[in-house]
Amino acid sequence: MNLWWLMLACGAITFGIRYSFIAAEGHYQPPSWFRRLLPFVPIAALTAIVVPELLLVQGEVILGGGNHRLWAGLIAILVASVWRNTLLTIGSGFVALFVLQRI
Amino acid sequence: MPLLVGVGPFGVIYGVVALQSGIPPLAAMAMSSIVFAGSAQFLLAQLVGAGAPLLLTAGAVGLVNLRHALYSASVAPMLARLPRRWKVLLAYLLTDEAYAAAIPHLLRRTDARSPDAHWILFGSGFGLWAGWQVSTLVGVLIGTQLPSNLGLDFALPLTFIAIVVPMIDSRALLAAALAAGAVAVALAAMPYKVGLFIAALAGLVVGAALTRKAK
């Protein structure tokens with residue numbers, strides 16, 4: 001029974017966080033510095049998720065050739081910056097990872 | 001779509017982990033609908049398995065999902081004119097992946113308030129929601145037979161790369177990305193993914209500071 005209450009509480013907390021600014025929009029006047037931060041949200045938040053995935057192997061920063069995901073990720077970044085194509089980027093990253101794991 | 005490939009294995013593994021933590025299959029499934037948050041559900045399952053105090057567990061889940069407040073702030077102006085039921089629905093569906101998949105389309109539109117912003121968010125959010133429920137079910141059904149790691153989870157960082165890199169078209173945006181990435185690695189050892197939230201904030205501040213200088 002406790003487990004169900006806990007899940008409901010966690011669901012409510014999660015929803016509350018996601019709903020917070022959406023609900024408040026129109027009811028408050030955000031300061032101008034706050035508005036200036038918003039354009040950077042997608043890039044800052046998503047990069048913060050990606051970079052540790054590439055650099056860290058079980059909590060340690062690994063830069064050498066043994067870190068296949070780092071090199072596959074760098075190739076994907078290169079492909080993304082040149083061609084700006086989603087499927088090409090993902091495909092190149094997977095192919096690079098596949099090849100690196102087998103050399 | 002590519003995100004579903006990345007989310008699938010997570011959902012399956014979550015289902016397996018939840019069962020191993022002693023969570024009944026029905027509750028494990030329900031959690032995917034009630035909480036609907038990948039990394040927070042993993043943490044929840046682990047803490048329940050470890051018998052952690054309820055308040056601590058709920059607090060930890062809140063910390064893990066703190067970064068979603070940033071997404072909320074980011075999309076809020078685009079949803080300002082919607083009826084409340086739409087806002088509630090879209091807030092419920094607002095995950096990392098849904099936000100990532102929708103934001104390039106949301107930003108590309110010339111008028112940020114044109115009426116289809118909510119359909120874009122709903123499409124990405126609902127697609128990922130459905131994928132998450134199905135993959136949780138698969139994980140719960142196959143139980144302890146862990147699937148071999150095919151590296152499919154690599155689809156998540158790759159998709160985020162495909163989304164983020166083309167968006168970087170100014171020095172301020174590049175600096176924001178570098179700052180967020182560096183801080184995220186430096187703080188990776190912090191519990192409950194608090195480091196991710198601080199790293200994102202660092203990226204925002206660096207980016208905004210540079211735009212100000214440029215003017």
Side-chain angles (χ1 to χ4, degrees), chain A residues 2-11 13-26 30 33-56 59 61 69 72-73 76-77 80-81 84-90 93-94 97-98 101, chain B residues 2 23 27 30-31 34-35 37 40 44 48 54 57-58 61-62 65-70 72-77 79-80 87-88 91-92 94 96 100 103 151 154-155 157-168 173 176-177 180-181 184-185 188-189 196 199-200 203-204 207-208 211:
Chain A
N2 268 343
L3 177 64
W4 288 90
W5 285 114
L6 177 64
M7 290 197 319
L8 285 175
C10 289
I13 291 168
T14 302
F15 174 77
I17 292 169
R18 291 173 181 166
Y19 192 46
S20 54
F21 286 98
I22 295 176
E25 182 71 28
W33 59 263
F34 185 78
R35 288 277 185 217
R36 275 208 305 277
L37 295 178
L38 293 184
F40 297 96
V41 168
I43 290 190
L46 299 178
T47 310
I49 295 173
V50 168
V51 176
E53 294 266 348
L54 299 183
L55 282 178
L56 300 177
V61 177
R69 291 191 171 209
I77 289 170
S81 58
R84 295 165 175 267
N85 179 308
T86 308
L87 286 179
L88 198 62
T89 302
I90 296 166
F94 266 124
L97 183 68
F98 186 83
Q101 281 174 340
Chain B
I23 295 175
M31 203 200 288
I34 296 174
V35 184
L44 187 50
V48 167
L54 296 185
T57 306
V61 166
N65 285 331
L66 212 48
R67 65 185 184 284
H68 293 161
L70 297 176
S72 180
S74 169
V75 299
L79 308 178
K87 293 183 179 178
V88 168
Y92 166 68
L94 190 61
D96 291 317
I103 196 69
F154 197 45
L158 283 181
T159 310
F160 288 172
I161 286 172
I163 290 165
V164 166
V165 172
M167 287 173 79
I168 299 179
L173 287 169
V185 170
L196 280 192
L204 301 187
T211 9

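Proteins come first, then strands; the chains are lettered A, B, ... in the order of their sequence lines, and each starts at number 1.
Proximity of a side-chain donor or acceptor of A:T47 to a complementary backbone N or O of B:G181 within less than 3.5 Å is not detected. Between the side chain of A:R18 and the backbone N or O of B:H68, no donor-acceptor pair lies under 3.5 Å.
Rounded to the nearest 0.5 Å, atoms CG (A:L38) and CG (B:L204) are 8.0 Å apart. The CZ atom of A:F15 lies 14.0 Å from the CD1 atom of B:I34; values are rounded to the nearest 0.5 Å. In this structure, CG in A:L87 is found 11.5 Å from CG in B:L158, a value given to the nearest 0.5 Å. Taking CD1 of A:I49 as the reference point, atom CG of B:D96 lies at 4.0 Å (rounded to 0.5 Å). A distance of 5.0 Å separates CD1 in A:I43 from CE in B:M167, rounded to the nearest 0.5 Å.
At a 4.5 Å heavy-atom cutoff, the contact between B:V48 and chain A is made by side-chain atoms alone. For B:L79, the part lying near chain A is the side chain, with the backbone staying farther off; criterion is any non-hydrogen pair under 4.5 Å. Using a 4.5 Å cut-off between heavy atoms, B:A100 touches chain A through backbone and side chain atoms alike. For a residue to count as touching a neighbouring chain, one of its non-hydrogen atoms must lie under 4.5 Å from one of that chain's; by this rule A:L55 touches chain B with the side chain only. Contacts of B:L44 with chain A are made by side-chain atoms alone, with heavy-atom separations under 4.5 Å and no backbone atom involved. Of the atoms belonging to B:A27, heavy atoms from both backbone and side chain fall under 4.5 Å from chain A.
Between B:I161 and A:G73 the shortest heavy-atom distance is CD1-O, 3.9 Å. The minimum heavy-atom distance linking A:I17 with B:A69 is given by the pair CG2-N, 3.5 Å.
Using a 4.5 Å heavy-atom threshold, the side chains of B:P77 and A:R35 count as touching. Taking the side chain as every heavy atom from C-beta outward, A:F40 and B:T211 approach each other to under 4.5 Å. No side-chain heavy atom of A:Y19 sits under 4.5 Å from any side-chain heavy atom of B:L94. The shortest side-chain heavy-atom distance between A:I13 and B:N65 does not fall under the 4.5 Å cut-off. A:T89 is not listed as a side-chain neighbour of B:V165, based on a closest heavy-atom distance of 4.5 Å or more. Looking only at side-chain heavy atoms (C-beta outward), B:F154 and A:L54 come within less than 4.5 Å of each other. Contact of the B:I163 side chain with the A:T86 side chain is not registered, since no non-hydrogen atoms from C-beta on lie closer than 4.5 Å. Side chains of A:V50 and B:V164 form no contact here, defined as non-hydrogen atoms less than 4.5 Å apart.
Here B:L173 is the residue among B:I168, B:L70, B:L173, B:V75 with the most heavy-atom pairs under 4.5 Å with chain A. No other option in B:A180, B:A184, B:G203, B:A76 has as many heavy-atom pairs under 4.5 Å with chain A as B:A76. Of the listed residues (B:A188, B:A58, B:A176, B:A189), the greatest number of heavy-atom pairs within a distance under 4.5 Å of chain A belongs to B:A58. Residue with the most contacts toward chain B among A:A9, A:G11, A:P42: A:P42 (heavy-atom pairs, distance under 4.5 Å). Comparing B:S72, B:A199, B:A37, B:A200 by how many heavy-atom pairs each has under 4.5 Å with chain A, the most go to B:S72.
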- Message: Would B:I103 and A:V41 count as a side chain to side chain contact (heavy atoms under 4.5 Å, CB included) here? Give the steps.
- Response: CA-CA 10 Å; B:I103 196 69; A:V41 168; over 6 Å; no
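Summarising the local packing, CZ of A:F98 is surrounded by 12 or fewer heavy atoms from other residues, nucleotides or ligands at distances under 6.0 Å.
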